[in-house]
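Comments concern the structure below.
In what follows, every chain begins at residue 1, and chains take the letters A, B, ... in the order their sequences are listed.
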Number of protein chains: 2
Amino acid sequence: MIYFNNGDELLLVLEALSNPQRLKIIAVLSEGRQYVSHLARELGISRPLLYLHLQKLEEANLVSSDMEILETGQAAKFYQLNDIHFVLNEQLIHDLSKSLSIKRKK
Amino acid sequence: MIYFNNGDELLLVLEALSNPQRLKIIAVLSEGRQYVSHLARELGISRPLLYLHLQKLEEANLVSSDMEILETGQAAKFYQLNDIHFVLNEQLIHDLSKSLSIKRKK
DNA sequence: ATCATATGTAAGTATTTTATTACACATATA
DNA sequence: TATATGTGTAATAAAATACTTACATATGAT
C-alpha cells in the first residue's frame, strides 16, 4: 500500500501514472519482471524512450531495477513493479494540498 | 465511487489530477462550491488559466458547474466537486491497459 | 573479424501543456 | 458616466514532456 507523506509525493506518483506508455509498461511488468531491451520490443518503442519512462516510474517509486546475467552470458537490466496500490479521494487531496508546492521545474 | 469503463477514461482522470494547480482547486472545492472569479482570487491565479484547469477537471468528470445569480444580481458560474474516490492498483491498470490507446492529441 | 544482442546517454526536435495578455460584453453601484 | 464586479475567449508566449537519431561500450556466437 502506497502511503503519501506529502502533496509533492502524491503529485509525483500521479504524474508518473498520467501517460499511456507508462501505464502499458506497468501492465506488462504486472505479468512479471523483464529487462529493458525485451520490454522495448514488447511495447514497440525505442529503448531511449523507454528509459525516459522507466526513469519517471522509478523516481515515483513505482518500479525498481536490478542487473542480472542472462543465460547467454550478457548483462541485462531487469525492472519489476513495486507495490502499486492506493486509494484517492477528496479528503486525501484536501489534506495533502497543504504540503503541495506550485513550482517551476527547470 | 469512480468506475473506469476503459483505459482511456482512467488516463483522462489521471491526467486531470497530475497538476498541482488542479489539486489545489480540488482542495478548495472540497470545502464547498464556489464561483470562478472567487476561486481565481483564492488561488491567486488568473481567470483564463483557471478556466483551462477547470475545463480539464470537467472533461474528466471530476467537477461540474451551474450558473447562479449572486446576491448582487450578477450571474456567476459555480463549480462543485463530483464524487472523487477510487482505488488504483496494478491489477486494474493491467486490465484497463487493453482498452488504452496510444495516440497523438492534435 | 563480423554479426547479433545487451546497456547507456547526449543532443536535437516535436508536441503538449501551462500561463499571460488583451479583448468583448453584461450588471450593479457611486 | 465611471468604477467594480461578473462571464467568456482568442492569440500568443513560455515551459515541460515526449520522442528520435546517433553514438559509445561490452559480451557471445558464427
TODO: Test B:I25 against B:V63 for side chain to side chain contact (heavy atoms under 4.5 Å, CB included), laying out the working first.
DONE: CA-CA 10 Å; B:I25 292 171; B:V63 302; 5.7 Å; no
Task: First of A:T72 and B:K77 reached from the 5' end of DNA chain D, by closest nucleotide - done: B:K77
Open item on the list: Just the rounded figure in Å: distance from P of D:dT5 to CE of B:M67.
Closed with: 18 Å
Task: Spatial distance of atom CG (B:L29) from atom CD1 (B:I84) [nearest 0.5 Å] - done: 8.5 Å
Open item on the list: At less than 4.0 Å, is any side-chain N or O atom of A:N19 found next to OP1 or OP2 of D:dA18? Yes or no.
Closed with: yes
Task: d(NE2, A:H38; P, C:dA4) in whole Å - done: 19 Å
Task: Euclidean distance, atom NZ of residue A:K24 to atom P of D:dC19 [Å, nearest integer] - done: 13 Å
TODO: Go through residues 43-57 of chain B and report each residue with a non-hydrogen atom lying under 4.0 Å from DNA chain D, sorted by number.
DONE: B:R47, B:P48, B:Y51
Task: Nucleotide C:dT17, atom C1' - distance to CZ of B:R22 in whole Å - done: 8 Å
TODO: Rounded off to whole Å, could you give me the CD-to-P distance for the A:Q74 and C:dA6 pair?
DONE: 7 Å
Open item on the list: If we ignore hydrogens and angles and just use 3.5 Å, is the side chain of B:S99 paired with the main-chain N or O of B:G7 as donor and acceptor?
Closed with: yes
- [ ] Hey, can you tell me if B:F86 and B:F4 have their rings parallel, tilted or perpendicular (30° and 60° cut-offs)?
- [x] perpendicular
Task: OP1 or OP2 of C:dA19 under 4.0 Å from side-chain N/O of B:Q21 - done: yes
Task: Phosphate-side-chain proximity, A:R41 and C:dA6, N/O vs OP1/OP2 below 4.0 Å - done: yes
Open item on the list: When you measure from the side-chain N and O atoms of B:R104 to the phosphate of D:dA18, is any distance below 4.0 Å, counting only OP1 and OP2?
Closed with: no
- [ ] Find out whether A:I2 and B:L88 are in side-chain contact, i.e. whether some heavy atom of one side chain is under 4.5 Å from a heavy atom of the other.
- [x] no
TODO: Whole angstrom is fine here: how far is it from NZ in B:K105 over to C1' in C:dT17?
DONE: 9 Å
- [ ] Round to a whole Å and report the spacing from CG of A:L14 to P of C:dT17.
- [x] 16 Å
Task: No-hydrogen, no-angle side-chain donor-acceptor test under 3.5 Å, B:E9 and B:N61 - done: no
- [ ] Flag yes if B:I26 and B:Y35 sit in one hydrophobic cluster, no otherwise; membership is Ile, Leu, Val, Met, Phe, Trp, Tyr, and two members link when side-chain heavy atoms are under 4.5 Å apart.
- [x] no
Task: Gap between atoms CZ and C1', on A:F78 and C:dT5 respectively (whole Å) - done: 13 Å
